[in-house]
Amino acid sequence: MVVTQLNLEFRFQGKKLRGFSCELTRSPHGVFPETVFTTMCQVTVPILLSGLGMMAAGLIMNIVQHWPVFVEVKGLLTLVPPLVGLKGNLEMTLASRLSTAANTGQIDDPQEKHRIISSNLALIQVQATVVGLLAAVAVLLLGALSREELDLAKVALLCASSVLTAFLAAFALGMLMVCIVVGARKVGVNPDNIATPIAASLGDLITLSILALVSSFFYRHKDTWYLTPLVCIGFITLIPLWVCIVKQNPPVMKILKFGWFPIILAMVISSFGGLILSKTISKHQYKGMAIFTPVVCGVGGNLVAIQTSRISTYLHIWSTPGILPLQMKKFWPNPCSIFCTSEINSKSARVLLFLVIPGHLIFFYIIYLVEGQSVTNSKTFMVLYLLAGLIQVTILLYLAEVLVRLTWYQALDPDNHCIPYLTGLGDLLGTGLLALCFIISWVLRSKAELDGISELGPEAP
């Protein structure tokens, strides 16, 4: 499909037309693509800012893991990835929906903008309340499978902390997303490139900080037995109010009715990443796991969310749900076609993949400067760490293309159905690969130490 764009400029003096200019542009690819340089400039700064936010979250987690509430209530550490992952399940999908609405001109009308924004914010409050409670239940079930002892007071603390954290984080980040998308639209920047990484830049930090403060508050008031059940009941009773607001917008109401499966499944996937984290974080050979986990998981989630949002916007503009463009007909495309062609989505995938190594190097160096000896400076670990980040993002970008195509072919909105799965998988892949890096590095270091001892042995008197 060839698209032609016509720009007309009229020049008036007073009320009289004195001249005009005409500019005709033709694109053989069906869309007027951003240049690689433009995409990289718009993406790089938000990604670096998000990395700083995720590093701050990692440093906070390295501190709070020793707080009494986290030591006594082990499930709180398992709760970190699913709650932090809510930014992928809720805020990133919100940012993607609003970016698509902005790029398709839906929020240019003030009345329509108010309706879209209010209904979307109410939607994420419902989802945050329900998923926050379900995340606590999932953590308790995983704890039961691990034969951990259940205490009723700890169960109530876990549930109340999860619900309140999810609600407050969703509200704060939801308002932030609205401001970013509307502001980006006004200044002429593509919100697809900046909204999701900025959500992540503060998402991890805000969510983890709220969880630490809220859980500590409930822990200090654990003798007030009715406090935690009252919090859970209070937020559940607000759900009908949010549903009434969502009903103003039928497409968003459809998400409320049928969009639960992706975010719940993504929460379950992230919970397994949380289980890996809780089992490894306190062991000596995994020293630094608490700091690096938010960074690895966050970088992968941010990059794949950007790509998913861009592909979704492309399809919303140039296709109809249920019908794939000719160049996207294959459900399982050749990886070379995802990363090595001249298509607009392939170019953005290359840009995002190119940012992985430099970004992780910067984050690793800053973490080492801040934490010093509390993190490893082994060259072997650094190479494994960079390789893990590259593998994670490569897999996620490929799966993003596959999932968006399958979702669009089923006449479903990729903004709502793909990002939760991909960020959940990003959490699981990131945590698993990072744990593997620590294991391999520890094994190689132990082997080198044993070889050194064996070489010195015969020379000893």
Side-chain angles (χ1 to χ4, degrees), residues 31 33-54 87-88 92-93 95-96 99-100 103 180 184 189-201 203-204 294-315 328 333-364 385-405 414-415 418-427 429-430 433:
V31 66
E34 301 164 332
T35 64
V36 170
F37 179 75
T38 302
T39 303
M40 183 169 288
C41 287
Q42 292 185 9
V43 169
T44 302
V45 174
I47 286 293
L48 290 175
L49 288 175
S50 71
L52 294 175
M54 289 178 291
K87 76 176 187 299
M92 284 186 177
T93 53
S96 187
S99 297
T100 299
N103 286 327
I180 289 169
V189 175
N190 185 353
D192 281 327
N193 292 336
I194 65 170
T196 49
I198 291 179
S201 68
D204 291 357
V295 178
V296 173
C297 295
V299 169
N302 292 349
L303 295 177
V304 76
I306 292 171
Q307 181 70 352
T308 305
S309 185
R310 290 176 62 90
I311 301 171
S312 177
T313 297
Y314 175 87
L315 289 172
M328 298 177 71
N334 188 322
C336 291
S337 67
I338 304 299
F339 298 102
C340 306
T341 67
S342 60
E343 294 293 333
I344 181 172
N345 294 324
S346 180
K347 289 180 180 178
S348 62
R350 288 198 296 274
V351 169
L352 297 174
L353 200 60
F354 174 78
L355 292 173
V356 175
I357 299 296
H360 273 304
L361 279 173
I362 293 170
F363 303 148
F364 192 101
Y385 172 78
L386 296 175
L387 185 61
L390 194 62
I391 291 171
Q392 177 206 28
V393 174
T394 303
I395 293 172
L396 289 175
L397 290 176
Y398 180 78
L399 290 178
E401 188 78 33
V402 172
L403 280 177
V404 169
R405 294 183 186 197
D415 286 332
C418 293
I419 291 179
Y421 292 133
L422 292 166
T423 52
L425 283 170
D427 289 344
L429 275 173
L433 288 171

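Numbers here simply count residues along the sequence, with the first being 1.
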Straight-line distance of Q307 CD to I338 CD1, nearest 0.5 Å:
8.5 Å
Atom pair CD1 (I311) and CG (N345), whose distance is rounded to the nearest 0.5 Å:
5.0 Å
Are the side chain of T313 and the backbone N or O of S309 linked by a donor-acceptor pair below 3.5 Å?
yes
Considering all heavy atoms, the nearest L397-A349 contact
CD1-O, 3.8 Å
How long is the straight-line distance from CG of L387 back to CD1 of I357, given to the nearest 0.5 Å?
7.5 Å
To the closest 0.5 Å, what do you measure between OG1 (T341) and CZ (R350)?
6.5 Å
Here the pair of heavy atoms bringing F363 nearest to L52 is CE2-N, 4.3 Å
Scan for side chain to side chain donor-acceptor pair (under 3.5 Å) pairs involving residues 386-403, sequence neighbours excluded, and state none if there are none.
E401-R405
Hey, what do you get for CG (N302) to SG (C297), rounding to the nearest 0.5 Å?
11.0 Å
Rounded to the nearest 0.5 Å, what's the gap from OG1 on T308 to CG on L403? Could you check?
8.0 Å
Quick check on side-chain contact (heavy atoms from CB on, under 4.5 Å): which of L422, L396, V356 does L303 satisfy it with?
V356
Any donor-acceptor N/O pair, T423 side chain to I419 backbone, under 3.5 Å:
yes
